[in-house]
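The model shown is predicted, which means the values in this text are computed figures rather than measured ones.
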Amino acid sequence: MKIATWLAAVTSLAVVGGGAYLAGAQGVGQQQLHMLFDMAVAEAQPSKPEPTGTVIYYRHPDGLPEYSAKPRQTPDGREFVSVRESEDISFTALGIKTAEISTQPITSATGSPATERKVLYYRNPMGLPDTSKVPKKDSMGMDYIPVFEGDQVDASTVKVSLGKLQRTGVKTTKAELASISRKIRVPGTVALDERLISVISMRTDAFIDDVANVTTGDRIGKGESLFSFYSKEIATAGAEFAAGKGDLRNSDAGSALRLKNLGVPDEVIRSIAEKHQVPTSIEYVSPRNGVVLERMATTGMMAKPGDPLFRIADTSHVWVIADVPEFDLASIQKGIPVAVRVRSLPGRTFEGTVDLIYPEIQQETRTTKVRIELPNPDGILMANMYADVEIEAGVQKPVVAVPNSAVIDTGDRQIVFIDKGDGKFEPKDVSLGMRGEEQTEITKGIAAGDQVVVAANFLLDAESNLNSALSGMATDEVKP
């Protein structure tokens, strides 16, 4: 603006100011004062091109935040000012004059004219859930922000200024290929290995002549005497074998085979073949090393076929039966390592592996029994001991993994925010796999190398939900 024009504008305003006082004294109407003021302001402002395009709405003549889709008047009878297409967008909040924008053609990066984007609606500058079809101001006089066609596609994307990023504590890291592992801690009980338990019984009627000095709980070695017995049927078969040639090369046939089937030890058969004499009482020895679990044999008793006389268990290997919750079964596989700590042996850890997952779920507890094999050479692990079992579960092969804090689980969906750069963050729906101690497997949604948010992502989620809600409201509002 030239100096002379500026001085003329100031002079006009001064005249209008003085004229207002005189008009008040002489009874000049208020409408005339407004006309004089508008003429003075028009003379003080630089000339601008005439608005073009159709009239899209009408605004209050005094610049108040009042708008109308059709012509209307103020309470004092003045007409609302029409706003044409070239005057649609207000850049006052950005410090840019509307006239400067409307007189410049919109061009693309290549210099060619670009297609003018359509304004879909206007949203509240403070982020409140309030939108408008036409430009308006909020209660503080701030212009509503235009939302152009195409901007609503990424309505859930959040854009945060660098200063706000530092204040909110947003942190990111890269998704990587890693092996997921976690520890499943469950209670367990020590049990005997069923395969190492022997039941001593007779295959024919026998009289127990004498029982060795062993009782329940005693340890016994393989080959040690348990008891001696007499059996009429065994004596008859032994006499037939002794009366013959006693050739052990033919022991698989005839009376020798009969003796074996009656449970006579090989040492006794060999003695009969050598001495051609059947012993009056035959000694029965322990078939394995172990602990006597039960002693039912007594001197002088008559033992029927199949009657248990002794139960002996080898305790060099034992089982630990752990109760694993149903939802952890998918994480457990046969052969994975296990650490067992027995409560009565503090400070000691026993290493083993998962040997069997029982094919049954307990209806009352919704748990499944898992069997762990443990070596027990010194025999300090005893049956029915309580144990704390720690199973090393997880995925051994590398998978796409993110820190646990990166995943927002709403119950219906799982979300991870991706850092797109320049303060933009995009929520991604993901499918989860194994959840470890520190990392979670992502089976679908992101790839290794993506930058994910690991801190303050709940704030971003709240902002994203707000943006989506505003976009949905505005879309419904602008529909015909």
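- Ile220 is not listed as a side-chain neighbour of Asp218, based on a closest heavy-atom distance of 4.5 Å or more.
- In this structure, a donor-acceptor pair under 3.5 Å is absent between the side chains of Ser331 and Asp328.
- With a 4.5 Å cut-off on side-chain heavy atoms, Val264 and Lys260 do not count as touching.
- When side chains are defined from C-beta on, Thr189 counts as touching Tyr386, because their heavy atoms get closer than 4.5 Å.
- Asp323 is not listed as a side-chain neighbour of Thr368, based on a closest heavy-atom distance of 4.5 Å or more.
- With no hydrogens or angles considered, a side-chain donor-acceptor pair links Tyr144 and Asn124 at under 3.5 Å.
- A salt bridge does not link Arg435 with Asp409: every distance from a Lys NZ or Arg NE/NH1/NH2 to an Asp or Glu carboxylate oxygen is 4.0 Å or more.
- Every residue meeting the side-chain contact (heavy atoms from CB on, under 4.5 Å) condition with Lys174, not counting sequence neighbours, appears here in chain and number order: Gln451.
- Atom NZ of Lys444 sits about 13.0 Å away from atom CD1 of Ile442, to the nearest 0.5 Å.
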Discussion item. Apply salt bridge (Lys or Arg N to Asp or Glu O under 4.0 Å) to residues Asp205 and Lys232 and explain how you reach the verdict.
Written reply: CA-CA 8 Å; Asp205 292 338; Lys232 180 180 179 180; over 6 Å; no

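- Considering all non-hydrogen atoms of both residues, Leu293 and Ala313 come closest at CD1-CB, 3.5 Å.
- In this structure the side chain of Leu177 reaches within 4.5 angstrom of the side chain of Val400, judged on heavy atoms.
- Judged purely by atom type and a 3.5 angstrom limit, Arg288 has no side-chain atom pairing as donor or acceptor with the backbone of Asp314.
- We find the CD-CG distance between Glu373 and Asp193 to be 6.0 Å, quoted to the nearest 0.5 Å.
- Applying the salt bridge (Lys or Arg N to Asp or Glu O under 4.0 Å) definition to pairs two or more places apart or across chains, those involving residues 293-302 are Glu294-Arg311.
- Interatomic distance, NE2 of His276 versus OG of Ser271, reported as 10.5 Å (0.5 Å rounding).
- When all heavy atoms are compared, the tightest approach of Leu262 to Ala237 is CD1-CB, 4.3 Å.
- Note: Phe229 CZ to Met202 CE = 3.5 Å, rounded to the nearest 0.5 Å.
- Between Val453 and Ala455 the shortest heavy-atom distance is CG1-O, 3.3 Å.
- With rounding to the nearest 0.5 Å, the separation of NE2 in His317 from CG in Leu374 is 9.0 Å.
- Between atom CG of residue Asp450 and atom CD of residue Glu176 there is a gap of 12.5 Å, rounded to the nearest 0.5 Å.
- Remark: the backbone N or O of Lys222 is paired with a side-chain donor or acceptor of Asn289 at under 3.5 angstrom.
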Going by atom type alone, with no hydrogens or angles, which donor-acceptor pairs under 3.5 Å involve a side-chain atom of residues 297-307 and a protein atom two or more places apart or on another chain?
residue : atom : partner : partner atom : Å
Asp307  : OD2  : Lys304  : N            : 3.0

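- Each of Arg343, Lys183, Arg185 was checked for a salt bridge (Lys or Arg N to Asp or Glu O under 4.0 Å) with Asp388, and the lone residue meeting it is Arg343.
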Fill in: side chain to side chain contact (heavy atoms under 4.5 Å, CB included) assessment of Ile391 paired with Ile336
CA-CA 8 Å; Ile391 304 175; Ile336 60 178; 3.5 Å; yes

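- In the displayed structure, Met142 atom CE is contacted under 6.0 Å by more than 12 heavy atoms of other residues, nucleotides or ligands.
- A donor-acceptor contact closer than 3.5 angstrom is absent between the side chains of Ser228 and Glu283.
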Fill in: Residues Leu381, Trp319; criterion side chain to side chain contact (heavy atoms under 4.5 Å, CB included); working and verdict
CA-CA 10 Å; Leu381 293 176; Trp319 292 344; over 6 Å; no

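- Remark: Arg341 pairs with Thr349 by the side chain to side chain donor-acceptor pair (under 3.5 Å) rule, at least two apart or across chains.
- Ser281 and Asp209 share a donor-acceptor pair across their side chains, judged by distance under 3.5 Å alone.
- Taking all atoms of both residues into account, the shortest heavy-atom contact from Pro325 to Thr367 is CA-CG2, 4.1 Å.
- Within 6.0 Å of CD in Glu326 there are more than 12 heavy atoms belonging to other residues, nucleotides or ligands.
- Side chains of Ile332 and Ile357 form a contact here, defined as non-hydrogen atoms less than 4.5 Å apart.
- At a threshold of 4.0 Å, the pair Glu441-Lys397 does not count as salt-bridged, since none of the basic side-chain nitrogens sits closer than that to a carboxylate oxygen.
- No side-chain donor-acceptor contact under 3.5 Å links Ser286 and Glu224.
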Discussion item. Under the criterion side chain to side chain contact (heavy atoms under 4.5 Å, CB included), I'd like the reasoning laid out for Tyr122 against Lys136: C-alpha separation, chi angles, the key distance, then a yes or no.
Written reply: CA-CA 8 Å; Tyr122 298 82; Lys136 62 182 290 189; 5.7 Å; no

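- At a cut-off of 3.5 Å, with distance as the only test, no side-chain donor of Thr315 or Asn376 sits close to an acceptor on the other residue.
- Ile272 and Gln277 get closest at one heavy-atom pair: CG1-O, 3.6 Å.
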Worksheet entry | Intermediate values then yes/no, side chain to side chain contact (heavy atoms under 4.5 Å, CB included), Val402 and Ile446 | CA-CA 10 Å; Val402 298; Ile446 64 173; 3.6 Å; yes

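- For the pair Ala387 and Val320, the tightest heavy-atom approach, listed with the atom from each and the gap, is CB-CG1, 4.5 Å.
- By the ring-ring contact (aromatic ring centres under 6.0 Å, His included) test, Tyr284 pairs with Phe227, sequence neighbours left out.
- Contacts classified as side-chain hydrogen bond (donor to acceptor under 3.5 Å, both in side chains) and involving residues 352-363 (residues at least two apart or in different chains) are given here: Asp355-Arg371.
- A heavy-atom distance below 4.5 Å is not found between the side chains of Ser316 and Pro377.
- Side-chain atoms of Val285 and Leu226, non-hydrogen and from C-beta on, never get closer than 4.5 Å to each other.
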